Structure formats: structure tokens, C-alpha cells
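Only a predicted model underlies this, so the values are computations on that prediction, with no experimental measurement involved.
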Amino acid sequence: MKRFLLATLLVASIVTARAQSAAYNSNEHWEQFHLQPQTLLPQVTSDTCLVFVSNRYIHPDSLRFADEYLDTASLKYFFLAKAGGKWQVFQAASLADAMEHMPRGKDIVVYAEGMGKVFPANVARAKLMATQYNVNVIMFDYASINNSYKPSRNFKFARHNAKMSARQYFALMRELQQAREARAPWIDGARLTTFYHSMGNIILEEMVRQLDIGTLNGQPFIDNLVINAACVPVKRHAEWVERIGFARQVYVHYNRTDLQLKGAHLLMMKRQLGEKVKPRARAGNAVYVNFHSMVGWQHSYFMNFPNNEFRLNPAMVAYFSRIFNGQEVSSNEAISLLDTGKESSTSRL
């Protein structure tokens, strides 16, 4: 009965994700985006801007110019600036070309989302992160839902696409690495965090397990690497997490009553990393943070979302502010920051 209930809740969450995706996929939302000609350079001044690195197929003449299928042959780079209530979307030749238009003096978060996001939905989430934590956001935008598919097929579709995106995400990491080594003006002096939420962690795991990770591991060029509410198996996760040498600090966030991950656990018959991690199975290079006592059944507990009554408490805001701004948080500091008088645990083995 419990398994049936949890599986039903997961299906319900997938249906909800599809409904939210459909809302973001409406003409009303897409009309807020104006894809500019490829040769046009940004001339707008805006306090709200983002960089997107996408492997979607792009159709310049369509209202929905970023579609719901992967193009694994190439990456596309965009600089987005909001002015007059509309997003101006400028095409760029490279990450460096796009980042040249971002404001200087802010730390950088490279953000990979989970299932259920069309292009406008990823823009909404990236904007929330940029404004709530005062950072420059690079969103890795991949197709994680198809609005013509049923829930069970979308679950498989999103997982498959995350795996298929690993090679292109690796290419993005190489661009960041090379920019660090060259001390490119847009990254010099900035702290850099890579953040993976839910199925976004499939991209990370696949990249570390299957690709030449040694190419990235020469010298750490990422300050914080955050594995958040990971929808990947917990079993033997330490094998691949301990291969991460390109980040100075690694954090694993989990919540044993995360309903979406409980449902994924039952569908795949595998406990998920974002649920619960036994101390003896933990990676030696990571700080593990248990959010259960503060977030209950929540899955997305790293920002305040407009349509969710749940709100981060001040301790969580302080913690995520430090994490997203590339500051190191030790196990003891995390305990101190998140100690609200309830059960909360972190550890590094």
C-alpha cells in the first residue's frame, strides 16, 4: 500500500510538472521572448540578464524557437536581457562571447535543472537564482520534458536526455576551465559554483563515470560543486564522487522524506542519493547535509518559488547564499548555520 501511494504521488508530481510545463509553453509565455538575428549584438542595458548554454534544436522562425528535443551535435550560447517586460535573446558564438555582456563583480553559478523544464521555465528558475542570491547564472539548458508524452514516458525521456547531455556538459566545463587558466576578464576574480538539481545530477554522474575526467582534474577550477536532491542511485555513488578533483569543495544535500525521490526510488527499485546516505557509504571528499528537519517532504528547497508556500528559513538562506557565492562551508559551520533547534546533521568522512 505504501509503495502504491508513493508511486501515485510520483506520477502526480510528474503530471503537475507537465501542467506547469504546459503553462510555461503557452503562447503568452513564449511571446515574452524575442530571439534576435544571429549577427545582432546586445545593445540593451538591464539589471536582469542571464547566459544560457543549450543543446536543444533551435528554430529561429518559430515562436517556440527552442524545442523539446536534443541536438547532440552542437551547443548554442545565448545572452538574455530583460527590458520592458520582454526577454531579448541574443545568440553568441561561445560561452566567452555571451559572458562578456554580463555584469562584472558577481560570483557565478552554473545551474543544471531536473525534469520538466521547457526553455521559458528554465529562464524563470535561472532568474530566481540570480535575483535571490545576487549571482551571475549560466543555465545548462537541455530538453527534460516533451509535452506530447505521457508521464511514465516523460520520466524515461528526461533521464535519457540527461545522460545524452553529459558530453556537451563536459565541453562546457572545458570552456570554464580554459577561461580560468587564461584569467579571462569575465571570470577572473569571481568564485564559481556548479549546481545540479534532481535529474541534473545524472549529467554529472554520467560525465564523471564515462568521460575523460582526468582532463578536468589537473587543478581545481570550481569552488563549490553541489549535488542537490539527486535523482541518481545512492549505491556506490562514492566511487564517482571521489573522482571529482576539479572542485575544491563538494556538497551532497539530502532529505529522507523527499516525496519525489521516494517515488523515483520505487519506480527504479533503487534508493536515490537525495533521499538518505548511510555514513559508511559516503564519499571522503564531500560534505553531506541533511535538510529533513527543515523541509519535510519538499524536493526543491534551495530557493523560494512563487507558487510554493514553503519558504526557506533564515539559516537556509544564509547557507545557500554562502554556497552559491563560492564560499567554503565546513561540516561544523554547516551544523552551526542550520541548527534551528531541530534534528539536522552533516558529516565529512
Side-chain angles (χ1 to χ4, degrees), residues 1-17 112-116 144 151-152 154-156 158-159 162-163 195-206 208-209 225-242 244 250-303 305 308 310 312 316 319-320 323 331 334-335 338 340 342-349:
M1 182 64 183
K2 184 179 179 181
R3 289 189 175 186
F4 174 77
L5 177 60
L6 288 173
T8 301
L9 286 170
L10 176 64
V11 172
S13 70
I14 295 172
V15 170
T16 300
E113 251 293 344
M115 178 185 169
S144 61
S152 59
N154 260 321
F155 185 77
K156 296 175 183 177
R159 289 182 55 80
K163 284 187 176 183
F195 179 78
Y196 311 86
H197 176 59
S198 195
M199 285 192 188
N201 287 280
I202 296 172
I203 300 172
L204 175 65
E205 179 184 12
E206 188 76 2
V208 174
R209 285 191 183 277
L225 185 150
V226 186
I227 298 170
N228 187 77
C231 190
V232 298
V234 67
K235 187 175 182 180
R236 302 178 70 174
H237 77 277
E239 292 180 3
W240 63 267
V241 172
E242 289 179 349
I244 297 172
V250 177
Y251 303 87
V252 178
H253 299 162
Y254 66 100
N255 167 24
R256 62 180 172 83
T257 53
D258 183 324
L259 283 184
Q260 286 182 243
L261 293 183
K262 289 293 184 186
H265 176 176
L266 291 172
L267 282 181
M268 294 187 291
M269 299 303 294
K270 294 178 180 178
R271 185 184 298 277
Q272 301 299 289
L273 176 55
E275 290 181 85
K276 187 177 180 180
V277 191
K278 295 180 180 179
R280 65 177 180 274
R282 296 178 179 181
N285 62 331
V287 170
Y288 288 77
V289 186
N290 179 4
F291 282 93
H292 168 64
S293 65
M294 289 165 283
V295 304
W297 53 267
Q298 296 289 324
H299 179 60
S300 297
Y301 45 79
F302 55 96
M303 289 193 297
F305 295 96
N308 190 343
F310 170 78
L312 279 68
M316 293 175 68
Y319 172 80
F320 280 109
I323 289 293
S331 294
I335 291 170
L338 299 174
T340 59
K342 299 177 182 180
E343 179 187 358
S344 177
S345 64
T346 62
S347 66
R348 184 196 294 268
L349 295 183

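Put simply, the side chain of N255 never gets that close to the backbone of A229: no donor and acceptor are under 3.5 Å apart. Although no hydrogens or angles enter the test, the distance criterion places a donor-acceptor pair under 3.5 Å between the side chain of T257 and the main chain of G296. Using a distance-only test at 3.5 Å, with no hydrogens or angles considered, no donor-acceptor pair links the side chain of N154 to the main chain of G116. No side-chain donor-acceptor contact under 3.5 Å links R256 to the backbone of H292. The closest donor-acceptor contact from the side chain of N201 to the backbone of C231 lies at 3.5 Å or more, if one exists at all. In terms of modelled atom types and a separation under 3.5 Å, the side chain of E242 and the main chain of G284 share a donor-acceptor contact.
Shortest non-hydrogen contact noted between M199 and A158 is SD-CB, 3.6 Å. For the pair V252 and A286, the tightest heavy-atom approach, listed with the atom from each and the gap, is CG2-CB, 4.1 Å. Closest heavy-atom contact between G114 and S144: O-OG, 3.3 Å.
With V232 as reference, E205 is the one residue of M268, E205, H237, E206 to meet the side-chain contact (heavy atoms from CB on, under 4.5 Å) rule. For the side-chain contact (heavy atoms from CB on, under 4.5 Å) criterion with I323, the lone passing option out of N228, V289, V226 is V226.
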_Show, in sequence, the C-alpha distance, side-chain angles and deciding distance for I244 and L225, and conclude whether the side-chain contact (heavy atoms from CB on, under 4.5 Å) test is met._
CA-CA 9 Å; I244 297 172; L225 185 150; 3.9 Å; yes
### Message
Applying side-chain contact (heavy atoms from CB on, under 4.5 Å) to V250 and V287, what does each step give before you reach the verdict?
### Response
CA-CA 6 Å; V250 177; V287 170; over 6 Å; no
Checking Y251 against Y288 for the ring-ring contact (aromatic ring centres under 6.0 Å, His included) test, could you report, in this order, the C-alpha distance in whole Å, the side-chain angles of both residues, the deciding distance, and whether it holds? CA-CA 6 Å; Y251 303 87; Y288 288 77; over 10 Å; no
task = Before giving the answer on side chain to side chain donor-acceptor pair (under 3.5 Å), spell out for D258 and Q272 the whole-Å C-alpha distance, their side-chain angles and the decisive distance to 0.1 Å.
result = CA-CA 10 Å; D258 183 324; Q272 301 299 289; over 6 Å; no
Go through K235 and K270 one step at a time and tell me if the side-chain contact (heavy atoms from CB on, under 4.5 Å) criterion holds. CA-CA 8 Å; K235 187 175 182 180; K270 294 178 180 178; over 6 Å; no
query = side-chain contact (heavy atoms from CB on, under 4.5 Å) between N290 and K276: does it pass, once the steps are laid out?
reply = CA-CA 8 Å; N290 179 4; K276 187 177 180 180; over 6 Å; no
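With rounding to the nearest 0.5 Å, the separation of CG in L273 from CZ in R236 is 15.0 Å. Here the NE2-CD1 distance, from H197 to I227, works out to 14.0 Å after rounding to the nearest 0.5 Å. The CD atom of Q298 lies 9.5 Å from the CG atom of L312; values are rounded to the nearest 0.5 Å. The structure places CZ of F195 at 12.0 Å from CG of L204, a figure rounded to the nearest 0.5 Å. Rounding to the nearest 0.5 angstrom, the gap separating the OG atom in S198 from the CD atom in Q260 is 6.5 Å.
No hydrogens or angles considered: nothing links the side chains of H265 and R271 as a donor-acceptor pair under 3.5 Å.
When the ring-ring contact (aromatic ring centres under 6.0 Å, His included) test is applied to F310, no partner is found at least two apart in sequence or on another chain. In this view, E275 and K262 satisfy the salt bridge (Lys or Arg N to Asp or Glu O under 4.0 Å) rule, not counting sequence neighbours. Looking at residues two or more places apart in sequence or on another chain, you find a ring-ring contact (aromatic ring centres under 6.0 Å, His included) between Y301 and F291.
Taking the six-membered ring for Trp and the full ring otherwise, the centers of Y196 and H253 sit at least 6.0 Å from each other.
No side-chain heavy atom of L259 sits under 4.5 Å from any side-chain heavy atom of H299.
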